[in-house]
Amino acid sequence: MTIVTRFAPSPTGYLHIGGARTALFNWLYTKHVGGRFLLRIEDTDQERSSKGAVEAIYDGLKWLGLDWEGDAVLQSQRAPRHREVAEQLLASGNAYHCYCTPDELTAMRELAMKEGRPPRYDGRWRDRDPKEAPPGVKPAVRLKAPRTGETIIDDQVQGEVRIAADQLDDMVLLRSDGTPTYMMAVVVDDHDMGITHVIRGVDHLTNAARQVQLFRAMNWAVPVYAHIPLIHGPDGAKLSKRHGALGVQEYAKMGYLPEAMRNYLARLGWSHGDAEIFSTEQAIEWFDLPGIGRSAARFDFDKLRNLNGVYLQQADDDRLANLIAPNFDPALTPDQAARLKTLMPELKKRAKDLNELADNARFLTAARPLSLDPKAEALLGAEARAMLGRLLPILTTVGDWKVAGIEAAVRAFGEAEGRKLGDVAQPIRAALTGKATSPGVFDVMAVLGRDDALGRITDVAR
RNA sequence: GCUCCCUUCGUCUAUCGGAAAGGACGCCGGGUUUUCAACCCGGAAAGAGGGGUUCAACUCCCCUAGGGAGCACCA
């Protein structure tokens, strides 16, 4: 049997990080078992859904490299089929019309709460003669749920979860205006799409019980469920925008690489022994449901950044250069682009995200005289500037402007001055880059070229 | 309020009745070094509490506490 999974977000804004991980788990599992991964947009709530939000989901998934099969199913377009199934349920006696008014329902809930019972619909129209229906009231359709026993979900992550019948009431399938509810839509769509495995957040665990009842009522095969724990913010509370509940696009903007994101997200709530850094291929090979943990995981930016740094170091130089190219305005000249590429192997070791990488490379395009950051300023005291003044004529004598020649000259100068190399190199670095951090100063000088390098030193020397 | 789920270093986690409870991030210290970073080495750091079960519990059961989720004619 081919395993079929799906990711079914509602388009209410963007693909947030929790959704991204759910999608990733589904995708990894599907790839692992050689199944089919489908996408369904749950846009039945037209007010909260928007076209842009649907695009954001597509973009987010694509950025993460999660490909789905075929076109996404738009749930909103399947309403007729949902209604059709409701009719079948009505016909088979598994559903009934409910003529309760909203006021009646709230009163029912409030009373139940007061009496310490869960706020449930009491099933007053379940067996009542429809002839007693108040005139002019449009009925909703409710499922005739089992009143006794319990619904058992054999969850692949949570284990066997039992929900007693009295915890669940006769849920609405069709609203009085004829539109299908989420529960109805999900079950019908999952069935029609041939979904065999439902991997989603635990917030749907109790929904699963209701959905199982519906599957049973229709005599459909119940899918395998795997409810994965949620992601919390660093403080353990619900993930908020302030600390991580951002759209994946935000992570892209923050300069994270998709492969780092995949690795980080995969490792959040799932593990394979001590494996920490692994390729997507490796993740596919290893990923399985039993490896998913049961407790919520906190989002840890430090770890993400560390991972991103690792992937940055491994990334192809040209690719990185292209990725940060948009950070330069005006655009890099061919000459500057070449310099960037030359220094990339050193530059990428010093950055945790693409924006940092771009910032560290900015000195390549900076116009003279450079603006110095505070740390660079501190390195260029009067004495240092005077020293650079003495170094200048020596550098001028370097015939072949390459790393070896420059280094030899500077080292000789340092010795003559009785200074440690670091004491000479730091001011040079500050003069060349305006920062206290950069690739090796000799590399930087070579890449900058004689004129530019000497010019920058001249600007600050005395 | 009711129901369900969760609980190992600060964080992500390994462990699947018998180990000095392991790894990773972060942190601290050291090395290398031309700064920072990278890299290498070392260190501090954990079984929520209480009862059981067992020859033996982090591992199984119960209770308590804490955390989370769900309880709509939202999705």
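Comparing B/rU11 with B/rU7, their P atoms are spaced 14 Å from each other, to the whole Å. Look at the P atom in both B/rA14 and B/rU59: the space between them is 15 Å, to the nearest Å. Comparing B/rA21 with B/rG43, their P atoms sit 15 Å apart, to the nearest whole Å. Taking atom C1' on both nucleotides, B/rC58 is separated from B/rA48 by 12 Å, rounded to a whole Å.
Regarding A/Trp270, its CH2 atom lies at a distance of 13 Å from the C1' atom of B/rA14, rounded to whole Å. To the nearest angstrom, C1' of B/rA14 lies 12 Å from CZ of A/Arg294. Straight-line distance from the CD1 atom of A/Ile153 to the C1' atom of B/rU3: 12 Å, rounded to whole Å. A/His272 places its NE2 atom 11 Å from the P atom of B/rU15, with the value rounded to the nearest Å. Here the P atom of nucleotide B/rA24 and the NZ atom of A/Lys303 are 9 Å apart, to the nearest Å. Going from atom CG of A/Asn263 over to atom C1' of B/rC12 covers 12 Å, rounded to whole Å. Taking atom CG of A/Asp300 as the reference point, atom C1' of B/rU13 lies 12 Å away to the nearest angstrom. When the P atom of B/rU34 is taken as reference, atom NZ of A/Lys375 falls 20 Å away, rounded to whole Å.
Among the atoms of the strands shown, base atoms are found under 4.0 Å from some heavy atom of A/Met183. Nucleic acid contact for A/Gly293: none, since no nucleic acid atom lies under 4.0 Å from a heavy atom of the residue. Among the heavy atoms of the strands lying under 4.0 Å from A/Phe442 is at least one base atom, whether or not backbone atoms are also near. Heavy atoms of A/Ala436 sit under 4.0 angstrom from at least one base atom. Heavy atoms of A/Ser438 sit under 4.0 angstrom from at least one base atom. At a threshold of 4.0 angstrom between heavy atoms, the contacts of A/Ser176 include nucleobase atoms, whether or not backbone atoms are also involved. Across all strands, A/Glu346 comes closer than 4.0 Å to no nucleic acid atom at all (heavy-atom distances). If you check every strand for non-hydrogen atoms under 4.0 Å, A/Leu105 touches a base. Within the 4.0 angstrom heavy-atom criterion, no nucleotide atom of any strand lies near A/Lys420. At the heavy-atom level, A/Val202 lies under 4.0 Å from the strands shown only through sugar-phosphate atoms. A/Gln426 comes within contact range of at least one nucleobase, with a heavy-atom separation under 4.0 Å.
Across all strands shown, B/rC9 forms no Watson-Crick or G-U wobble pair with both distances under 3.5 Å. Across all strands shown, B/rA56 remains unpaired; no Watson-Crick or G-U wobble contact has both distances below 3.5 Å. The partner of B/rC39 is B/rG31, judged by Watson-Crick or G-U wobble contacts that both fall below 3.5 Å. Pair check for B/rG47 finds none; no Watson-Crick or G-U wobble contact set falls under 3.5 Å. Pair check for B/rG70 finds B/rC2; Watson-Crick or G-U wobble, both atom distances under 3.5 Å. Pairing for B/rA20 is absent, with no Watson-Crick or G-U wobble pair whose two atom distances lie under 3.5 Å.
Neither OP1 nor OP2 of B/rA37 sits under 4.0 Å from any side-chain N or O of A/Lys348. Dashed line: the shortest gap from a side-chain N or O of A/Ser271 to OP1 or OP2 of B/rA14 is under 4.0 Å. Note on A/Arg162: every side-chain N or O is 4.0 Å or more away from OP1 and OP2 of B/rC4. Between A/Arg305 and B/rC12, a side-chain N or O to OP1/OP2 separation shorter than 4.0 Å is absent. Contact between the side-chain N/O atoms of A/Thr181 and the OP1/OP2 oxygens of B/rC73 is not found at any separation under 4.0 Å. When the side-chain nitrogen and oxygen atoms of A/Asn360 are compared with OP1 and OP2 of B/rA37, none of them lie within a distance under 4.0 Å.
Between A/Asp189 and A/Arg6, no side-chain nitrogen of the basic residue sits less than 4.0 Å from a carboxylate oxygen of the acidic one, so the salt-bridge criterion is not met.
Take the nearest nucleotide of RNA chain B for A/Leu268 and for A/Lys138: the residue whose nucleotide is more 5' is A/Leu268. Residue-to-nucleotide proximity on RNA chain B shows that, of A/Arg21 and A/Cys98, the 5′-proximal contact is made by A/Arg21.
In the interface, the side chain of A/Arg350 is paired with the base of B/rU35 through a donor and an acceptor atom under 3.5 Å apart. The base of B/rU11 has none of its N or O atoms less than 3.5 Å from a complementary donor or acceptor on the side chain of A/Arg298. Below the 3.5 angstrom threshold, one finds no donor paired with an acceptor across the side chain of A/Lys349 and the base of B/rA37. For A/Asn207 against B/rA75, a side-chain N or O and a base N or O form a donor-acceptor pair under 3.5 Å. Residue-to-nucleotide contacts include a donor-acceptor pair under 3.5 Å from the side chain of A/Asp274 to the base of B/rG22. Side-chain to base pairing of A/Thr206 with B/rC4: no donor and acceptor N or O lie closer than 3.5 Å to each other.
With respect to A/Asp170, the side chain to side chain donor-acceptor pair (under 3.5 Å) criterion is satisfied by exactly one of A/Arg126, A/Arg147, A/Lys144: A/Arg126.
In this structure, A/Met387 and A/Glu417 have side chains that are in contact, with non-hydrogen atoms separated by less than 4.5 Å. Side-chain contact check for A/Val172 versus A/Tyr182: every heavy-atom pair is 4.5 Å or farther apart. Using a 4.5 Å cut-off on side-chain heavy atoms (C-beta onward), A/Leu323 and A/Leu257 make contact.
Checked against a 6.0 Å centroid threshold, the rings of A/Phe25 and A/Phe7 do not count as neighbours. You'll find the ring centres of A/Phe215 and A/Tyr225 outside the 6.0 Å limit. Between A/Trp125 and A/Tyr96, the ring center distance fails the sub-6.0 Å criterion.
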May I have the step-by-step check of side chain to side chain donor-acceptor pair (under 3.5 Å) for A/His272 and A/Asp288, ending in yes or no? CA-CA 9 Å; A/His272 181 80; A/Asp288 208 354; over 6 Å; no
